[in-house]
Chemist: 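My questions all concern the structure below.
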Amino acid sequence: MKAIYWIIDYYYDFIGKLLMLAHNSPPKHYLDHVSKNRAPIILIPGISNKWGFLKRLGDSISHLGHPVYPVTELGFNLLDIPTSAKIVKRIATQNNLENAIIVGHSKGGIIGKYFLIHENKDNRIKGVIAIAAPFSGSRIVHYLPGKHFKELAPEIKIIKYMNSIRKVNAKIISIMPEFDNHVWSEKKSYLDGGLNIELAIKGHHKIVFDKKAIERIIELIGRLR
């Protein structure tokens with residue numbers, strides 16, 4: 001039965017890849033269609049994905065008047081986590097963002113937590129909404145080629161280190177599907193001390209396309225304001 005969940009999830013992964021190819025630059029309405037007192041949103045995709053993978057989610061957030069800042073400088077998000085967090089910091093500083101929210105999928109959520117630990121001394125980021133983030137690592141990376149995946153292994157120092165730092169977890173909302181074919185961990189995306197929400201969705205990639213999940217993410221953005 002689980003095989004069908006994998007197949008459906010990779011269909012959504014394929015859709016995301018098509019969006020990446022079709023949209024190199026963020027649409028103008030991400031910064032032009034802005035309403036007063038709407039929190040700025042920084043979008044961070046998962047590993048091996050460019051910002052366009054999250055375009056459907058970004059569009060839904062933008063249509064409500066939030067300024068949306070995709071981190072295009074990350075490219076395919078293959079850089080190490082500390083370097084990636086510094087790039088996000090540069091976006092926040094250059095745009096003088098205040099009370100911003102990071103919305104990150106998969107590795108994007110991990111980068112968000114690292115940012116809160118090391119790059120948020122000026123408190124520009126109010127919180128992180130992490131979607132299907134492997135906070136405890138994922139054993140699937142042992143079977144994937146490329147050293148950039150290995151940074152997300154459960155035994156890697158940076159994952160173990162971030163798990164030991166819990167002071168920022170209260171600023172993180174971790175949203176996870178009930179079945180995640182990419183986060184192979186007993187704890188799934190559970191984060192001690194954070195707000196953990198499991199949705200009745202099956203699929204690591206599907207969750208960022210699911211209409212009800214997007215509605216819940218938007219609701220939670222309002223809660224972090």
Chemist: Please check this pair: side chain of Ser106 against backbone of Gly108, looking for a donor-acceptor N/O pair closer than 3.5 Å.
Modeler: no

Chemist: Work out which heavy atom in Met20 is nearest to a heavy atom in Gly52; give both atom names and the distance.
Modeler: CG-C, 4.0 Å

Chemist: Identify the heavy atoms of Asn95 and Ile91 that sit nearest to each other, and give their distance.
Modeler: ND2-O, 2.8 Å

Chemist: Should we count CD of Glu155 as having more than 12 external heavy atoms under 6.0 Å?
Modeler: yes

Chemist: To the nearest 0.5 Å, tell me how far Leu19 CG sits from Leu57 CG.
Modeler: 11.5 Å

Chemist: Do you see a donor-acceptor pair shorter than 3.5 Å between the side chains of Ser62 and His29?
Modeler: yes

Chemist: Can you tell me how far apart CD1 (Ile129) and CD1 (Ile217) are? Round to the nearest 0.5 Å.
Modeler: 7.0 Å

Chemist: Supply the atom-to-atom distance Ser164 OG to Ile159 CD1, rounded to the nearest 0.5 angstrom.
Modeler: 11.5 Å

Chemist: Name all pairs fulfilling the side chain to side chain donor-acceptor pair (under 3.5 Å) condition that reach into residues 67-76, sequence neighbours left out, sorted by first residue then second.
Modeler: none

Chemist: Just so I know, are the side chains of Val88 and Ile42 near enough to count as touching, which here means a heavy-atom distance under 4.5 Å?
Modeler: yes

Chemist: Donor-acceptor check, side chain of Asn99 to backbone of Ile125, threshold 3.5 angstrom: yes or no?
Modeler: no

Chemist: Is there any ring pair (Phe, Tyr, Trp, His ring centres under 6.0 Å) pair reaching into residues 93-113, and which pairs are they, with sequence neighbours excluded?
Modeler: His105-His204

Chemist: In Å and rounded to the nearest 0.5 Å, what is the CD1 to CG distance from Ile131 to Leu54?
Modeler: 7.0 Å

Chemist: State yes or no: are the ring centers of Tyr114 and Tyr161 separated by less than 6.0 Å?
Modeler: no

Chemist: Side chains of Val128 and Lys171: closer than 4.5 Å at any heavy-atom pair?
Modeler: no

Chemist: In the structure I gave you, are the side-chain heavy atoms of Arg56 and Val208 within less than 4.5 Å of one another anywhere?
Modeler: no

Chemist: With sequence neighbours left out, which residue pairs that include part of residues 85-103 fulfil the salt bridge (charged side-chain N to carboxylate O under 4.0 Å, His left out) condition?
Modeler: Lys86-Glu119, Lys89-Asp122

Chemist: Taking side-chain hydrogen bond (donor to acceptor under 3.5 Å, both in side chains) as the definition, give me every residue that meets it alongside Lys160, ordered by chain and number, with sequence neighbours left out.
Modeler: none

Chemist: State plainly whether one hydrophobic cluster holds both Leu74 and Ile102, where clusters connect Ile, Leu, Val, Met, Phe, Trp and Tyr through side-chain heavy atoms under 4.5 angstrom apart.
Modeler: yes

Chemist: Side chains of Arg124 and Asn96: donor-acceptor distance under 3.5 Å anywhere?
Modeler: yes

Chemist: Please determine whether side chain to side chain contact (heavy atoms under 4.5 Å, CB included) holds for the pair Asp192 and Lys187, giving the CA-CA distance in whole Å, both sets of side-chain angles, and the decisive distance to 0.1 Å.
Modeler: CA-CA 10 Å; Asp192 292 329; Lys187 296 186 71 173; 3.1 Å; yes

Chemist: Given 3.5 Å as the limit, does a donor-acceptor pair link the side chain of Ser189 with the main chain of Ala133, or not?
Modeler: yes

Chemist: Please answer: with hydrophobic residues joined when any side-chain heavy atoms are less than 4.5 Å apart, are Trp51 and Leu21 in the same cluster?
Modeler: no

Chemist: Between Asn181 and Lys202, is any side-chain donor less than 3.5 angstrom from a side-chain acceptor?
Modeler: no

Chemist: Below 30° counts as parallel, above 60° as perpendicular, anything between as tilted: where do the rings of His182 and Trp6 land?
Modeler: tilted

Chemist: Roughly how far, to the nearest 0.5 Å, is CD1 of Ile173 from CG of Asn196?
Modeler: 10.0 Å

Chemist: Can you list every pair that meets salt bridge (charged side-chain N to carboxylate O under 4.0 Å, His left out) and has a residue in residues 26-37, with sequence neighbours left out?
Modeler: none

Chemist: Is Phe76 linked to Leu79 within one hydrophobic cluster, defined over Ile, Leu, Val, Met, Phe, Trp and Tyr using a side-chain heavy-atom separation of less than 4.5 Å?
Modeler: yes

Chemist: Is there side-chain contact between Ile214 and Ser60, with at least one heavy-atom pair below 4.5 Å?
Modeler: yes

Chemist: List the atom of Ser136, the atom of Ser185, and the distance in Å for their closest heavy-atom pair.
Modeler: CB-OG, 3.7 Å

Chemist: Would you call Lys50 and His23 a side-chain contact if the rule is heavy atoms closer than 4.5 Å?
Modeler: no

Chemist: Are Tyr190 and Leu199 connected in a single hydrophobic cluster, I mean Ile/Leu/Val/Met/Phe/Trp/Tyr linked by side-chain heavy atoms less than 4.5 Å apart?
Modeler: no

Chemist: So among Tyr12, Tyr11, Phe179, which one has a ring-ring contact (aromatic ring centres under 6.0 Å, His included) with Tyr5?
Modeler: Phe179

Chemist: A side-chain contact here means heavy atoms from C-beta on lying under 4.5 Å apart; do Asp59 and Tyr30 qualify?
Modeler: yes

Chemist: List the atom of Ala213, the atom of Ile201, and the distance in Å for their closest heavy-atom pair.
Modeler: CB-CD1, 3.5 Å

Chemist: Measure up the Tyr10 and His205 rings against each other and bin them: parallel (under 30°), tilted (30 to 60°), perpendicular (over 60°).
Modeler: tilted

Chemist: Could you walk me through whether Ile81 and Lys107 pass side chain to side chain contact (heavy atoms under 4.5 Å, CB included), step by step?
Modeler: CA-CA 8 Å; Ile81 292 167; Lys107 181 186 175 183; 4.1 Å; yes

Chemist: Are Asn77 and Ser48 close enough that some pair of their side-chain heavy atoms sits under 4.5 Å apart?
Modeler: no

Chemist: Looking at Met176 and Ile207, what are the two nearest heavy atoms and their distance?
Modeler: C-CD1, 3.8 Å

Chemist: If every non-hydrogen atom of Pro82 is compared with every non-hydrogen atom of Asp80, which pair is closest and at what distance?
Modeler: CD-OD1, 3.0 Å

Chemist: To the nearest 0.5 Å, what is the distance between OG1 (Thr93) and CG (Leu97)?
Modeler: 8.5 Å

Chemist: Is there a chain of hydrophobic side chains (I, L, V, M, F, W, Y, each step under 4.5 Å between heavy atoms) that links Ile197 to Ile110?
Modeler: yes

Chemist: Output yes when a side-chain donor or acceptor of Lys150 lies under 3.5 Å from a complementary backbone atom of Leu144, and no otherwise.
Modeler: yes

Chemist: Can you tell whether the side chains of Glu219 and Arg216 come within less than 4.0 Å, N to carboxylate O?
Modeler: yes

Chemist: State, with a plain yes or no, whether a side-chain heavy atom of Val34 is found less than 4.5 Å away from one of His66.
Modeler: no

Chemist: Could you tell me whether Asp13 and Lys206 have a side-chain N and a carboxylate O separated by less than 4.0 Å?
Modeler: no

Chemist: Sequence neighbours left out, what passes salt bridge (Lys or Arg N to Asp or Glu O under 4.0 Å) with Lys188? Give chain and number order.
Modeler: Glu198

Chemist: Is a donor from one side chain sitting under 3.5 angstrom from an acceptor on the other, for Asn169 and Lys113?
Modeler: yes

